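Numbers restart at 1 for each chain; the letters A, B, ... are given by sequence-line order, proteins then strands. Values below: every heavy atom of this structure, side chains too, minus hydrogens, waters and symmetry copies. Quick caveat, the model's predicted, so the values are computed rather than measured.
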Number of protein chains: 2
Amino acid sequence: MAANRRPTLADVAREVGVSAKTVSRVLNEDGPASARTREQVLAAVAKLGFQPNLMARNIRVGGPDTTIGLVIPDLGNPFFGAVARSIEDTVRDRGLTLLMGSSADDPDRERALTDKFLARRISILMVVPSVGADHSHLKTHRAAGLPVVFLDRPGAGLSTDSVVSSNRDGAHQGVAHLIAHGHRRIGFIGDLPTKLYTRRERLAGYRAALQEAGLPYDRSLVANAHDQQGASAATAQLLGLADPPTALFAGNNIVALGIVTELARSKRKDVAVVAFDDVELAEALEPALTVVAQDAEEIGRAAATTALARLDGDRSRARTVTVPTRLIVRGSGERPAPVLQEA
Amino acid sequence: MAANRRPTLADVAREVGVSAKTVSRVLNEDGPASARTREQVLAAVAKLGFQPNLMARNIRVGGPDTTIGLVIPDLGNPFFGAVARSIEDTVRDRGLTLLMGSSADDPDRERALTDKFLARRISILMVVPSVGADHSHLKTHRAAGLPVVFLDRPGAGLSTDSVVSSNRDGAHQGVAHLIAHGHRRIGFIGDLPTKLYTRRERLAGYRAALQEAGLPYDRSLVANAHDQQGASAATAQLLGLADPPTALFAGNNIVALGIVTELARSKRKDVAVVAFDDVELAEALEPALTVVAQDAEEIGRAAATTALARLDGDRSRARTVTVPTRLIVRGSGERPAPVLQEA
DNA sequence: GTGAAAGCGCTAACAA
DNA sequence: TTGTTAGCGCTTTCAC
């Protein structure tokens, strides 16, 4: 009922009749301890339900807290969930746990989160940088030995390790796939804000593929959307053009959901689709959705591995790991383009 | 390069020529401080890049760390991601951040995580309990004032607040939907281990719906699966029976993915499906997938609200919040049952 | 094999 | 308005 004080090392020591240091020794398997003392201590610990205060320990030892601060745009996005899982799997046996928060791609929220994490003396900081966020304030911490890794996008104002997907090549490959199947008017629906690194890179890949095939770049075929509803609307808008696209390229998983949903709603089976980033049930759609899949697991692993190496003293230059994407052909890109109708 | 020591309060104080306490006052907007001192302190803080050590502060203040420890089965499962997001949204303005870890439904991993969290003196503990885990060791902490909330399933060995979905009623409703559309042989594919609370409840709902309709309970129509592949295999197995089901009920989102994928692969359009838990793209399938949707947002919010109330001194009896599920009819349950062929 | 004292970075409680 | 002292729970250092 009442908030009983939690037992401390001293309480355990008093219970046994030894000094605090002795208890500490037993628990940390530091220095020597007679078998008898050890037993008594362990018994008292169990009896009192003592659990050492990690914060107090860290304060004294001076080392960082055994946590990784991880800032992602949205805890509910399965892609970032998969990345987080992979990071956790990689660092588990080093005893690190995840301190997580979502920024909603807002630089202020990102900053608030990182500041909180830093105040908690995390061992590693991993951030999916928000558009417009500046990271020069992290320089001090880097200098103090804190490994910093940017995920999914490079950070601004700070040269540091980052792990990204092969956005440009992946988009290029996806669009080339559509072109190879006869499409000549291909729409691109990408994330807002337009300045977002991944969106930019993927759009660049799209343009490169068009150019390679000698196709014109038509700005009216490029639309923006930030969420699933927006993507559905953008889909309807593009298909309503006088000279509409026969195929659509989705800039990310959320956009893909919007496109596919809208096509299903309007019963448009004649529009080819390739999506960046895999989505659940992609293979159960009709036709199954062809995607440029990101390797979330490898992204997480690469980030964790890099950070751990830094923690172990790796002082080499900052590196950017580019994790390859993989074109998974399932059918939605393969339909022959219908004959173009005139405007 | 070298790991420079991070500046402390004392460093800032020395730089300005005041006492540590004065700096502390300025930063925490505790007691008074002259405008001039305040400015000088703030300037020094900026110059040195000082960030207060939260651990040291907490240790002195004696209060808990401003974190919520959250143990879920899998960081990559979108359902739990959505719950986590909702929790975060609810506690953000209280200044709490999320310490997360996945248990993989393993009691030992769950225990290791909670112990770590407790050692860090978290403010709130939220756990999706693993099958077979005992929670009596949490009694001490509860007595010491730590709010504990079980998510998705009730915990064992400890009566405490929990937030669950209306599993039984939801399943009942979903299966009744199938029955109303003429199905009389309905398969159930549920999670392993069989003892899992949610699986048990949902199976109970399934049986109740059958009984209500005067249909026999046929054990051979109940199959187990723990992952998507397993669910696909179970689907194939059930459909290969001499007297196969004409409809399938999926016990959770992962199972739903497996069922739908397998039906698409084998081009079986004649099998009706209702799934527990919504999945992405459900409405884009053909036919669109009818689901019993859980309200992840409300689950997270209810859990967070309950825990915050406890933190604020609510000492009333432990309560179980049951969050209603919602049947979303999209079409996959509505196909008329084909005439049963003989074995 | 064990203990006493000092101190990690910070703040509560009291001065001045 | 500011400083001093003590102490949070733990570990380091050094003594016994």
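- Salt bridge Asp11(B)/Arg14(B): present, at least one basic N to carboxylate O contact under 4.0 Å.
- Of the side-chain N and O atoms in Ser24(B), one or more sit less than 4.0 angstrom from OP1 or OP2 of dT11(C).
- Distances from the side chain of Ala56(A) to the nucleotides dA12(C), dT2(C), dC10(D) place dC10(D) closest.
- The side chain of Thr8(B) contributes no N or O atom lying less than 4.0 Å from OP1 or OP2 of dG9(C).
- In this structure, Arg120(A) atom CZ and dG9(C) atom P are separated by 18 Å, rounded to whole Å.
- If you measure from atom CG of Asn53(A) to atom P of dC10(C), you get 16 Å, rounded to the nearest angstrom.
- The shortest distance between the side-chain N/O atoms of Ser19(A) and the OP1/OP2 oxygens of dT2(C) is not below 4.0 Å.
- For the pair Leu9(A) and Gly31(B), nearest-nucleotide mapping onto DNA chain D gives the more 5' position to Gly31(B).
- A sub-4.0 Å separation between OP1 or OP2 of dT1(D) and a side-chain N or O of Thr22(B) is absent.
- Rounded to whole angstrom, the span from the CG atom of Asp11(A) across to the C1' atom of dC10(D) amounts to 13 Å.
- Distance CZ (Arg57(B)) to C1' (dT11(C)): 8 Å, rounded to an integer number of Å.
- At whole-Å resolution of the value, CG in Leu27(A) and P in dC10(D) are 9 Å apart.
- With hydrogens and angles ignored, a donor-acceptor pair closer than 3.5 Å exists between the side chain of Arg60(B) and the base of dG7(D).
- Side-chain proximity of Phe50(B) to the nucleotides dC10(C), dC10(D), dG3(D) is greatest for dC10(C).
- The residues Lys21(A) and Asp30(A) are annotated as salt-bridged, a charged nitrogen and a carboxylate oxygen being separated by less than 4.0 angstrom.
- Proximity of Val148(B) to His135(B): side-chain heavy atoms (C-beta onward) are nowhere separated by under 4.5 Å.
- Taking only side-chain atoms of Pro52(A), from C-beta outward, the nucleotide of dT2(D), dC10(D), dG9(C) with the closest atom is dC10(D).
- Taking 4.0 angstrom as the limit, Asn28(A) places a side-chain polar atom (N or O) nearer than this to OP1 or OP2 of dT11(D).
- With rounding to whole Å, Arg36(B) atom CZ is found 14 Å from dT1(D) atom P.
- Between Ser102(A) and Leu113(A), the shortest heavy-atom distance links the atoms O-CD1, 3.6 Å.
- In this structure, Arg25(B) places its CZ atom 16 Å from P of dC10(C), rounding to the nearest Å.
- As rounded to whole Å, 5 Å separates atom C1' of dT11(C) from atom NZ of Lys21(B).
- Using a 4.0 Å cut-off between charged nitrogen and carboxylate oxygen, Asp89(B) and Arg85(B) do not count as a salt-bridge pair.
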